[in-house]
Amino acid sequence: MAAKFGLRGTACASPPRRRPSGIRVSSIYPGEVNTPILEERPQPVSEEHRQAILQSEDVAAAILYIASQPAHVSIPELVITPSHYAYI
């Protein structure tokens, strides 16, 4: 959690300094993603669970969406989760 807070702080502080050079900063906070790291969990993750969570392609599509916005659009943060997860 501290790492995410640090990332958020860095991202929030960066845009004013970067604006003159046209650099935009976005933080993407994905929920659970089906990646090889799931194989390291102490409890095996079922194939059904893997298919129900975010896929790496979902996160990649979100990144492409942010990057494709015109210069006058800034998306400082994006939270992306599986649709069956409760987001609070």
Side-chain angles (χ1 to χ4, degrees):
M1 189 59 127
K4 287 182 182 178
F5 184 78
L7 172 64
R8 185 176 189 280
T10 301
C12 289
S14 292
R17 295 193 318 258
R18 306 283 185 234
R19 200 169 290 130
S21 58
I23 296 173
R24 296 173 287 169
V25 177
S26 296
S27 296
I28 300 173
Y29 304 103
E32 191 174 27
V33 183
N34 183 8
T35 63
I37 199 167
L38 294 179
E39 296 165 14
E40 304 299 322
R41 288 194 178 169
Q43 298 290 347
V45 178
S46 71
E47 187 59 31
E48 179 182 39
H49 182 82
R50 286 177 177 268
Q51 295 308 312
I53 60 178
L54 295 173
Q55 304 302 305
S56 55
E57 295 84 8
D58 303 326
V59 180
I63 293 168
L64 288 173
Y65 173 75
I66 290 171
S68 69
Q69 297 306 297
H72 69 275
V73 175
S74 176
I75 301 174
E77 293 182 328
L78 177 67
V79 177
I80 177 173
T81 64
S83 58
H84 66 279
Y85 279 25
Y87 175 74
I88 299 174

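- Residues in residues 54-64 take part in no salt bridge (charged side-chain N to carboxylate O under 4.0 Å, His left out) pair, two or more places apart or across chains.
- Cluster membership for Leu54 and Ile66, using ILVMFWY side-chain heavy atoms within less than 4.5 angstrom, is shared.
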Per-pair distances, 0.1 Å, donor-acceptor, side chain in residues 67-80, under 3.5 Å, sequence neighbours excluded:
unit_1	atom_1	unit_2	atom_2	d
Ser68	OG	Leu64	O	3.2
Ser68	OG	Tyr65	O	2.9
Gln69	NE2	Tyr65	O	3.0
Glu77	OE2	Arg8	NE	2.6

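- Within the structure, every pair that satisfies the side chain to side chain donor-acceptor pair (under 3.5 Å) test and touches residues 45-56, not counting sequence neighbours, is listed here: Glu32-His49, Asn34-Arg50, Asn34-Gln55, Glu47-Gln51.
- Shortest non-hydrogen contact noted between Gly31 and Pro82 is CA-CD, 4.5 Å.
- For residues 65-75, the set of pairs meeting the salt bridge (charged side-chain N to carboxylate O under 4.0 Å, His left out) definition, not counting sequence neighbours, is empty.
- The cluster map of Ile, Leu, Val, Met, Phe, Trp and Tyr, joined by side-chain heavy atoms under 4.5 Å apart, puts Val59 and Val45 in different clusters.
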